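Notes follow once the structure below has been shown.
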Number of protein chains: 2
Amino acid sequence: MKYSVVVVDDHYLLSQAIGGMVQGFEKFDVLYLCKNGQELLDKLKEPNNIPDIVLMDIKMPILNGIETTEIINKEYPNLKVLALSIEEDEYTILKMLRAGARGYLLKDTKKEILEEALTKVIEEGSYYTNNVSKILTDSHENDVRTEIKDRELEFIKLACTEMNYREIADIMCCSYKTVEGYRDSLYRKLGIKNRIGLVLFAIHHNLFTP
Amino acid sequence: MKYSVVVVDDHYLLSQAIGGMVQGFEKFDVLYLCKNGQELLDKLKEPNNIPDIVLMDIKMPILNGIETTEIINKEYPNLKVLALSIEEDEYTILKMLRAGARGYLLKDTKKEILEEALTKVIEEGSYYTNNVSKILTDSHENDVRTEIKDRELEFIKLACTEMNYREIADIMCCSYKTVEGYRDSLYRKLGIKNRIGLVLFAIHHNLFTP
DNA sequence: CATATACTGGGGGAAACCCCCTAATCTTTA
DNA sequence: TAAAGATTAGGGGGTTTCCCCCAGTATATG
């Protein structure tokens, strides 16, 4: 009896290729492929379509891997998710693991590691590569990010546009001075000097995708 | 006699998976895999290592796909390159085709298209998907980008940092007023209002990678 | 040769941005 | 209940950016 696998990746050729690779593994069969999280959730409604494990990309249109994993962990707590992504920033990895992923593989691992990770996740419940466990233990960079308040995060996203602070204040329904307050507090916390620095920070930490 | 293929992609699992897929094609054999352009060029020095076609990613460390393709077209003009990338902005596609790629596939095509493209490139010399040929004919957005002078491009890259214009002037070895001139001319040409707009433009057009 | 058209610089003023300060609410937590 | 902190908002002033104006030189281009 083989374990069933579903591959979720918006780049179809890649999910086909990875699906083909998994199909070649001794203990695994590919059940089907999905192009995004929504497609997967729709499929799962049919009980026959529930696999043993989902191999999930993160950046996807409509419903991304993190949101999808959260939903899966609520609705199908026995369904295991293994993340497979190119995103290597600590915060994304942490978010994915907190969402309930049982492991996190980068797309430049090897075939053998993928096979081992799939096996370990199914048989032991989880699989962590060295770099991922290191991030789990000493995640310093994360500190600075959790310090960002909700309202500040809202501001950051608007600061990554051509709007000036007065226009941002209008959208956030607060005064110009309040917006200046968010900015000043962020500049201090993040050690940046100007709005360009803020945009770069937002991009590097996946708060904003250009 | 099968055609030989080399896959160049920095994400090793993906090149393995795509290599496996290609290996399954009737008329093709995978010769070897590479993690970047430099690795490929090193390999090609050995005549036995020259394949019939190279399947090349674009974004790679050390030597990217565009630079690599340019070199290949000079040194090995008979070696065909087929681009396979997730980059879908017009300028990157154009640059890759001008560098000498015989076709450009997005990573969300299908297995059958990949097989067809490989075959057509080898047997007929080129393969263009609909979207790519459309870009080749009516590329308007490109106009604005070719209007950017060398010195302005240099400025753009520096504007995508936390430096202020005085510091940028120092690095560019010109006066503060000259830098302001570059900025003003770019703002007019690109229809943007402030430096954030310039950074976003640079990112969207791959002039700057955060 | 004359006429564009970069490329380079400069003046000046208005607007935006940056950075320090204070302080009133309101919620959370010890 | 008192302390801590989040959220809001304002004063004041220095710096930077933005957006006009102008003009010399150098290099093509007709």
Side-chain angles (χ1 to χ4, degrees), chain A residues 91 95 98 140 142-205 207-208 210, chain B residues 91 141-205 207-208 210:
Chain A
Y91 197 75
K95 254 170 104 176
R98 285 210 201 93
H140 295 299
N142 177 42
D143 296 350
V144 93
R145 256 192 67 165
T146 45
E147 268 174 29
I148 298 173
K149 322 284 176 234
D150 285 0
R151 204 79 169 126
E152 286 171 352
L153 186 64
E154 218 178 302
F155 162 72
I156 290 178
K157 291 177 181 174
L158 294 168
C160 294
T161 72
E162 275 190 80
M163 278 184 282
N164 65 28
Y165 294 139
R166 245 167 266 277
E167 291 165 326
I168 291 175
D170 281 349
I171 289 179
M172 290 184 71
C173 294
C174 63
S175 97
Y176 171 69
K177 273 297 180 179
T178 304
V179 164
E180 283 202 305
Y182 297 148
R183 180 201 57 201
D184 293 351
S185 115
L186 284 167
Y187 283 12
R188 251 190 304 268
K189 273 193 275 203
L190 308 179
I192 53 182
K193 286 202 287 266
N194 55 36
R195 195 166 155 181
I196 306 295
L198 188 62
V199 173
L200 296 178
F201 175 88
I203 293 170
H204 287 139
H205 292 79
L207 302 176
F208 160 71
Chain B
Y91 197 76
E141 182 158 6
N142 178 42
D143 298 351
V144 92
R145 254 192 69 165
T146 45
E147 268 173 30
I148 298 173
K149 321 283 175 236
D150 285 359
R151 204 79 170 129
E152 286 171 353
L153 186 63
E154 218 178 303
F155 162 73
I156 290 178
K157 292 178 180 174
L158 295 168
C160 294
T161 71
E162 274 190 80
M163 278 184 283
N164 65 29
Y165 295 139
R166 243 166 267 276
E167 291 166 327
I168 290 175
D170 281 350
I171 288 179
M172 291 183 71
C173 293
C174 64
S175 97
Y176 169 71
K177 272 298 179 180
T178 304
V179 164
E180 283 202 304
Y182 298 148
R183 179 201 57 202
D184 294 350
S185 114
L186 283 168
Y187 282 12
R188 251 190 303 268
K189 272 192 276 203
L190 308 179
I192 52 182
K193 286 202 288 265
N194 55 36
R195 196 166 153 182
I196 306 297
L198 187 62
V199 173
L200 297 178
F201 174 88
I203 293 171
H204 287 138
H205 293 79
L207 302 176
F208 160 71

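Lettering of chains follows the sequences in order, A, B, ..., and the numbering in each one begins at 1. Predicted model, so just to flag it, every value in this text is computed and none were measured.
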Under 4.0 Å, heavy atoms only, any strand: does Tyr176(A) hit a base, just the sugar-phosphate, or nothing? base

Short side-chain N/O contact from Tyr187(A) to OP1 or OP2 of dC19(C), under 4.0 Å: no

Just call it for Arg195(B): base, sugar-phosphate, or nothing, with non-hydrogen atoms closer than 4.0 Å on any strand. sugar-phosphate

Rounded to whole angstroms, how far apart are CD on Glu167(A) and C1' on dC17(C)? 14 Å

Is it the case that the base of dC18(D) and the side chain of Glu180(B) share a donor-acceptor contact (distance under 3.5 Å, atom types as modelled)? yes

In whole angstrom, give the distance that lies between atom CZ of Arg188(A) and atom P of dG5(D). 15 Å

Rounded distance in Å - CZ (Phe155(A)) to P (dA9(D)): 15 Å

Would you kindly give the CD-to-P distance between Glu154(B) and dC7(C), to the nearest whole Å? 11 Å

Please report, rounded to the nearest Å, how far the C1' atom of dC18(D) is from the CG atom of Leu190(B). 15 Å

Euclidean distance, Met163(A) CE relative to Lys193(B) NZ, rounded to 0.5 Å: 9.0 Å

NA contact type, Arg183(B), heavy-atom cut-off 4.0 Å: base, sugar-phosphate, or nothing? base

Whole angstrom is fine here: how far is it from CD in Glu152(B) over to P in dA6(C)? 9 Å

Counting the atoms with a prime plus P, OP1 and OP2 as sugar-phosphate, which does Ser175(A) contact under 4.0 Å by heavy atoms, base, sugar-phosphate, or nothing? sugar-phosphate

Report the distance from atom CG of Asp150(A) to atom P of dC26(C), rounded to the nearest whole Å. 20 Å

With sugar-phosphate meaning primed atoms plus P, OP1 and OP2, does Asn164(B) contact a base, only sugar-phosphate, or nothing at under 4.0 Å between heavy atoms? sugar-phosphate

dist Leu200(A):CG -> Ile192(A):CD1 (nearest 0.5 Å) comes out at 8.5 Å

Is a side-chain N or O of Arg195(B) found less than 3.5 angstrom from the main chain of Arg183(B), in a donor-acceptor match? no

Take the protein atom CZ of Arg166(B) and the nucleotide atom C1' of dG9(C), then report the distance between them rounded to whole Å. 14 Å

With sugar-phosphate meaning primed atoms plus P, OP1 and OP2, does Tyr165(B) contact a base, only sugar-phosphate, or nothing at under 4.0 Å between heavy atoms? sugar-phosphate

Which comes earlier along DNA chain C counting from the 5' end, the contact point of Lys177(B) or that of Asn194(B), where each point is its nearest nucleotide? Lys177(B)

Could you point out which residue of Leu198(A), Ile196(A), Thr161(A) forms a side-chain contact (heavy atoms from CB on, under 4.5 Å) with Ile196(B)? Ile196(A)

Is there a donor-acceptor pair closer than 3.5 Å between any side-chain N or O of Asp184(A) and the backbone N or O of Tyr187(A)? no

